[in-house]
Amino acid sequence: MENKQITVTSPLLPDLEDFNLMLKEIWSSKWITNNGSFHRQLEAALCEYLKVPYISLFTNGTLPLITALQALNISGEVITTPFSFVATTHSIWWNGIKPVFVDIDPLTCNIDPDKIEAAITPRTTAIMPVHCYGNPCDTARIQAIADKYGLKVIYDAAHAFGVDVNGKSLLEAGDMSTLSFHATKVYNTIEGGALVMHDEQTKKRIDFLKNFGFAGETEVVAPGINGKMDEMRSAYGLLALKIVDDAIEARRQVALKYREALKDVKGVRFFDETAGVKHNYSYFPIFIDAQEYGMTRDELYFKMKENNVLGRRYFYPLISSFSTYKGLDSASDTNLPVATRIANEVICLPMHHDLSENDVERVLTQIVK
Ligand SMILES: *Cc1c(COP(=O)(O)O)cnc(C)c1O
């Protein structure tokens, strides 16, 4: 297996025997969804792990984005980043809201706070930033802008599971934050996600909204959706939570090796550790300066692919470049010069808990000349 395929990610799978024992419990209880015992246990365990007071589980990471916009009665226009997974912008569109793209900061790949104010109009009601690759947004600056204009802030924290800033959870920022527990993420429940909120009343409202708006057997208090996580995936999530710290440590080791080997390669840029930030090593993006490196990003990407090392051009194309969104005024390349450039420079290298030393060597051989 000299040349086995090295994938960009690999799901963190819990112990199968342990999972089977939990499945037996579920089978004998015959309670398979609708806020069962494992669902409640996972919410409690995640509150503790993530150091947040309230969380509501969802069946994926897109419904919490859609539901947060609903719960906060967001309308009109929402300012967001084009450098993300399409679900961020889709959630805005699905609520009949106009997304307004703002360019990113090349040093974090997050929405550039310096450029937010110019995009605010009388119709703007919220900002939806993304902690891209788990890099924390400048939450203080964004909150100051939001306060000045009376805007809500919903963070798409799909990449930021377990990321702390100065010992505090990044999920404390803004009005709400969303998480994704998709198979490809640092922590997964196969499919899954969550909404993090700061008070009990909001938690209650979100719990109603994700269950069709039911507030009891005969009362529907809002036009809700079905976003519930079932018992099987909640049980899986409890087991995955026990091994996620080891997985993050394994990722950290890979990041250390990548950084050490790439630090003197001309034309290859990557992120360093940020002081005060507990990272989750969810991705390892590198940025190729074709002039300096002597090869374009795409040439390197396809060379890697030929050698069975699968990187991912993440995020490329920009959300604003997809045909669905490219007609928007804010989607033009001239409005988004940094995001446009970065989207053409980036490759995420294989990054997961299951990479061997030999795998890491093989990845690096592709890049270091
Ligand atoms: C993965 C992801 C989502 C969507 O999550 P799903 O669980 O796949 O629905 C949303 N935003 C970002 C930035 C993501 O990476």
Side-chain angles (χ1 to χ4, degrees), residues 8-12 42 46 55-70 78-95 99 101-102 104 108-111 126-137 139 142 153-163 170-171 173-174 176-196 210 225-230 233-234 236-237 240 244 251 279-285 312-322 324-325 339 342-343 346 348 351-352:
V8 72
T9 183
S10 175
L12 182 64
L42 183 58
L46 283 169
I55 197 168
S56 185
L57 291 174
F58 276 78
T59 193
N60 60 50
T62 301
L63 282 164
L65 288 166
I66 292 174
T67 309
L69 290 163
Q70 279 280 322
V78 170
I79 289 172
T80 190
T81 169
F83 198 74
S84 180
F85 182 61
V86 282
T88 313
T89 305
H90 283 351
S91 71
I92 297 169
W93 197 265
W94 268 58
N95 277 285
F101 298 112
V102 163
I104 59 169
T108 58
C109 291
N110 291 330
I111 194 166
I127 309 170
M128 185 179 274
V130 178
H131 303 294
C132 193
Y133 308 129
N135 287 338
C137 287
T139 56
I142 291 170
V153 185
I154 299 162
Y155 282 99
D156 180 340
H159 298 178
F161 183 86
V163 174
L170 187 55
L171 304 171
M176 290 191 224
S177 294
T178 69
L179 292 165
S180 166
F181 305 149
H182 184 255
T184 53
K185 306 292 195 303
V186 170
Y187 167 80
N188 83 90
T189 59
I190 308 173
E191 293 271 358
L195 193 44
V196 172
K210 77 172 179 195
I225 192 90
N226 181 2
K228 302 184 301 302
M229 183 185 281
D230 62 69
R233 288 187 287 145
S234 302
Y236 178 108
V244 72
R251 287 167 173 271
H279 290 281
N280 65 7
Y281 309 93
S282 45
Y283 301 90
F284 197 93
R312 201 172 158 197
R313 290 170 293 178
Y314 200 58
F315 293 101
Y316 165 84
L318 294 177
I319 301 176
S320 48
S321 306
F322 289 120
T324 347
Y325 296 117
I342 297 283
V346 68
C348 285
M351 173 49 86
H352 55 82

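Both counts, for ligands and for their atoms, begin at 1 and track the order of listing. For the numbers below, each heavy atom of this structure counts, side chains included, while hydrogens, waters and symmetry mates do not.
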Is it the side chain (CB and beyond), the backbone, both or neither of [X] that lies under 4.0 Å from ligand 1, heavy atoms counted?
| X | result |
| --- | --- |
| Glu191 | neither |
| Phe315 | neither |
| Thr62 | both |

May I ask you to list the atoms of ligand 1 that are less than 4.0 angstrom from any heavy atom of [X]?
| X | value |
| --- | --- |
| Gly61 | 5 (O), 6 (P), 7 (O), 9 (O) |
| Gly192 | 7 (O) |
| Ser84 | 13 (C) |
| Ser180 | 1 (C), 5 (O), 6 (P), 7 (O) |

Contact between ligand 1 and [X] is defined here as a heavy atom of the residue under 4.0 Å from a ligand atom; is it met?
| X | answer |
| --- | --- |
| Cys132 | no |
| Gly193 | no |
| Tyr314 | yes |

Verify the ring-centre separation between His90 and Tyr325: is it less than 6.0 angstrom?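 Yes; His90 has its ring centre under 6.0 Å from that of Tyr325.
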For Phe181 and Tyr187, I'd like to know if the aromatic rings sit close, meaning centre-to-centre distance below 6.0 Å.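 Yes, the ring centres sit under 6.0 Å apart.
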Assign the ring pair Phe83 / Phe315 to parallel, tilted or perpendicular, where the plane angle (0 to 90°) is split at 30° and 60°.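 If you compare the ring of Phe83 with that of Phe315, the planes turn out perpendicular.
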Parallel, tilted or perpendicular for Tyr155 and His131, by the 30°/60° rule?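 If you compare the ring of Tyr155 with that of His131, the planes turn out parallel.
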Report the member of Phe83, Phe85, Tyr133, Phe58 with the shortest heavy-atom distance to atom 3 (C) of ligand 1.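 When every heavy atom of Phe83, Phe85, Tyr133, Phe58 is considered, Phe85 comes closest to atom 3 (C) of ligand 1.
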